[in-house]
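In what follows, a structure is listed as structure tokens, so that the remarks can point back to it.
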Number of protein chains: 2
Amino acid sequence: MSQHPDKTGHHHGNLRAALIEAGIALLTEGGLDNLSLRKCAARAGVSHAAPAHHFDGVDGLRMAIAAEGFARFRQSMLDFADTGPQTPRDRLRNICRGYLAFARNNPALYDLIFSFRANSKLIDQMRLNSAPAYQVLRDTCAPFVPAGKDPVEIETQVWSLVHGYALLNCQGDLAAHPRRTMRCCPCLTILAAPLDPAGKLRDAFGGCAPHICTYQ
Amino acid sequence: MSQHPDKTGHHHGNLRAALIEAGIALLTEGGLDNLSLRKCAARAGVSHAAPAHHFDGVDGLRMAIAAEGFARFRQSMLDFADTGPQTPRDRLRNICRGYLAFARNNPALYDLIFSFRANSKLIDQMRLNSAPAYQVLRDTCAPFVPAGKDPVEIETQVWSLVHGYALLNCQGDLAAHPRRTMRCCPCLTILAAPLDPAGKLRDAFGGCAPHICTYQ
DNA sequence: GTGTCAAGTTTACACTGTCAAGTTTACATC
DNA sequence: GATGTAAACTTGACAGTGTAAACTTGACAC
């Protein structure tokens with residue numbers, strides 16, 4: 001099926017990847033509104049209708065780009081988690097840092113991922129795309145789930161907190177105060193100072209209890 | 001300036017309000033993608049260019065609708081806060097419920113509010129529009145801010161948590177499990193069971209510490 | 001009446017997604 | 001090699017979109 005490593009005459013050879021790459025570039029340059037089938041086509045050097053043919057419409061293109069975004073998103077979390085000490089608490093703190101780093105470094109792609117509103121046909125595929133990223137969260141939260149409790153509760157808490165924080169930081173009122181940190185009970189200190197503009201993640205976790213969460 | 005209570009010949013009389021109302025109806029019926037200048041115009045019975053003339057482009061229309069959305073959003077929080085016991089803890093719990101109720105009852109409007117990406121010209125106006133809603137949060141969080149601490153830290157925590165939770169519930173993976181509750185340390189139990197589909201907000205806060213947050 | 005100005009209209013244009021039809025290429029089969 | 005077929009595009013057309021400029025209508029001050 002993949003007998004076209006390079007463009008051979010009429011066939012492009014690697015159009016799908018080229019279109020996704022073009023789409024990510026468009027997102028990076030001009031935000032969500034800058035992404036269109038025709039611009040992707042022009043950038044990939046194909047006719048204006050080629051992307052729609054490939055991805056079955058603009059929603060398909062956006063989903064394909066979002067799938068690539070989820071893969072990079074997941075990788076950002078894993079990159080942070082695999083660095084430094086490997087205690088469960090360190091790993092949980094660091095996937096949150098990786099989460100926020102991705103949101104900060106790829107705002108438009110992050111926007112696309114979490115602004116995706118698909119019809120029922122694509123929503124299942126979208127869930128498949130995002131599942132590996134959620135799995136990182138699940139694996140990392142697992143050590144903190146008390147016996148007999150539903151893991152999804154603490155997962156939801158961590159996910160909600162970091163997701164809301166990322167959105168508020170990247171677009172909302174907090175964007176004016178990027179150095180703002182979050183501190184509350186110990187389960188929240190994992191998010192402290194994650195968006196240091198200089199890229200040096202200050203450690204502001206001093207004085208916290210050693211457990212993540214006094215789950216009752 | 002408002003000498004046109006009804007439509008008098010050429011002038012519409014109350015075009016601005018009619019367009020905003022039409023826009024909200026379009027959002028409610030078909031989501032974000034269903035909102036356009038021309039559809040608003042048709043629904044308000046004016047020419048297709050009238051909305052752009054009024055609001056100086058589609059971004060202006062969207063901002064005007066978002067301003068109305070923020071007002072309703074704020075009112076939803078206040079309605080919940082002013083009901084029931086009036087301890088600081090009750091009020092904080094209830095503005096979160098009001099927050100989530102609004103997100104659930106007005107998903108497209110909530111989407112519009114928090115997906116708004118404005119150029120630098122409109123972003124200041126947008127901040128003015130959202131300020132009263134944020135003020136509700138600030139006032140409600142104030143009793144929980146320890147002396148000498150920056151109030152914005154606990155505000156950010158609560159806002160992030162409820163914002164992320166609302167988004168995940170309304171659009172994301174959690175949408176499949178609307179009855180999911182969040183429980184963790186006491187500061188988080190305010191969000192427990194906020195999205196009961198039957199509309200009866202179950203109280204699942206039993207066994208929590210009486211203080212909101214062991215802020216250290 | 002006259003001037004002025006805001007409020008809408010009209011017209012036109014570029015851009016967008018989508019669809020139908022046609023063209024080119026690859027490949028299997030004879 | 002010739003042929004059929006399916007996939008991978010291209011081409012052309014169309015409706016819907018935002019936007020800008022020019023025009024018209026109405027209200028009001030003088």
Side-chain angles (χ1 to χ4, degrees), chain A residues 1-20 22-23 26-27 29-66 112 116-119 121-122, chain B residues 1-23 26-27 29-66 112 115-119 121-122:
Chain A
M1 198 178 299
S2 58
Q3 297 287 66
H4 321 295
D6 292 335
K7 53 191 314 179
T8 67
H10 197 191
H11 290 285
H12 184 282
N14 206 5
L15 183 55
R16 180 185 174 85
L19 289 174
I20 290 176
L26 288 168
L27 282 176
E29 292 167 13
L32 276 184
D33 291 343
N34 200 40
L35 178 63
S36 79
L37 287 170
R38 291 172 114 104
K39 284 182 184 171
C40 279
R43 201 171 274 243
V46 291
S47 76
H48 71 266
H53 184 276
H54 236 84
F55 296 108
D56 193 29
V58 65
D59 280 344
L61 171 66
R62 294 177 44 138
M63 197 193 64
I65 296 175
L112 175 68
F116 195 78
R117 305 285 182 286
N119 53 38
K121 193 169 189 175
L122 289 180
Chain B
M1 198 178 298
S2 58
Q3 299 287 67
H4 322 296
D6 292 333
K7 52 190 320 179
T8 68
H10 197 191
H11 289 286
H12 184 281
N14 205 5
L15 184 54
R16 180 184 173 86
L19 289 174
I20 290 176
E21 204 58 39
L26 287 168
L27 282 176
E29 293 169 11
L32 276 183
D33 292 343
N34 200 40
L35 176 63
S36 79
L37 288 171
R38 292 170 114 102
K39 285 182 184 170
C40 280
R43 201 171 275 241
V46 291
S47 75
H48 73 267
H53 185 278
H54 234 84
F55 296 108
D56 193 28
V58 65
D59 280 346
L61 171 66
R62 294 176 43 134
M63 197 193 64
I65 296 175
L112 176 67
S115 74
F116 196 77
R117 306 285 182 285
N119 54 38
K121 193 169 190 175
L122 290 180

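In the text below, chain A, chain B and the rest are named by the order of the sequence lines, each starting its count at 1. Because the structure is a prediction, the values reported are computed rather than measured.
The CG atom of B/Asp56 sits 9 Å away from the P atom of D/dT19 (whole-angstrom rounding). To the nearest angstrom, C1' of D/dA15 lies 17 Å from CG of B/Asp33. Straight-line distance from the CZ atom of B/Phe55 to the C1' atom of C/dG8: 14 Å, rounded to whole Å. Here C/dG8 presents its C1' atom at 16 Å from CZ of B/Arg16, a figure rounded to the nearest Å. As rounded to whole Å, 14 Å separates atom C1' of D/dT17 from atom CG of B/Asp59. Atom CZ in A/Arg62 sits roughly 15 Å away from atom P in C/dT16 (whole-Å rounding). The distance from atom NE2 of A/His54 to atom P of C/dG17 is 17 Å, rounded to the nearest whole Å. In this structure, B/Lys39 atom NZ and D/dG16 atom C1' are separated by 9 Å, rounded to whole Å.
In this structure B/Arg16 satisfies the salt bridge (charged side-chain N to carboxylate O under 4.0 Å, His left out) test with no other residue, sequence neighbours excluded.
Within the model, atoms CD1 of B/Ile65 and CZ of B/Phe116 stand 10.0 Å from one another, a figure rounded to the nearest 0.5 Å. Here the CG atom belonging to A/Asp33 is positioned 12.0 Å from the CG atom belonging to A/Leu26, to the nearest 0.5 angstrom.
Applying the side-chain hydrogen bond (donor to acceptor under 3.5 Å, both in side chains) test to pairs two or more places apart or on separate chains, those with a residue in residues 42-57 of chain A are A/Glu29-A/Arg43.
Here the side chains of B/Val58 and B/Ser36 are not in contact, with every heavy-atom distance at 4.5 Å or above. A heavy-atom distance below 4.5 Å is not found between the side chains of B/Leu27 and B/Asn34.
The side chain of A/His53 sits closest to D/dA8 out of C/dG17, D/dG18, D/dA8.
Using N1 to N3 plus N6-O4 or O6-N4 for Watson-Crick, or N1-O2 and O6-N3 for G-U wobble, each under 3.5 Å, C/dT24 pairs with D/dA7.
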Could you go through nucleotides 10-14 of chain C and list every protein N or O atom that sits under 3.5 Å from one of its N or O atoms, giving the distance for each pair?
| unit_1 | atom_1 | unit_2 | atom_2 | d |
| --- | --- | --- | --- | --- |
| C/dT11 | O4 | B/His48 | NE2 | 3.0 |

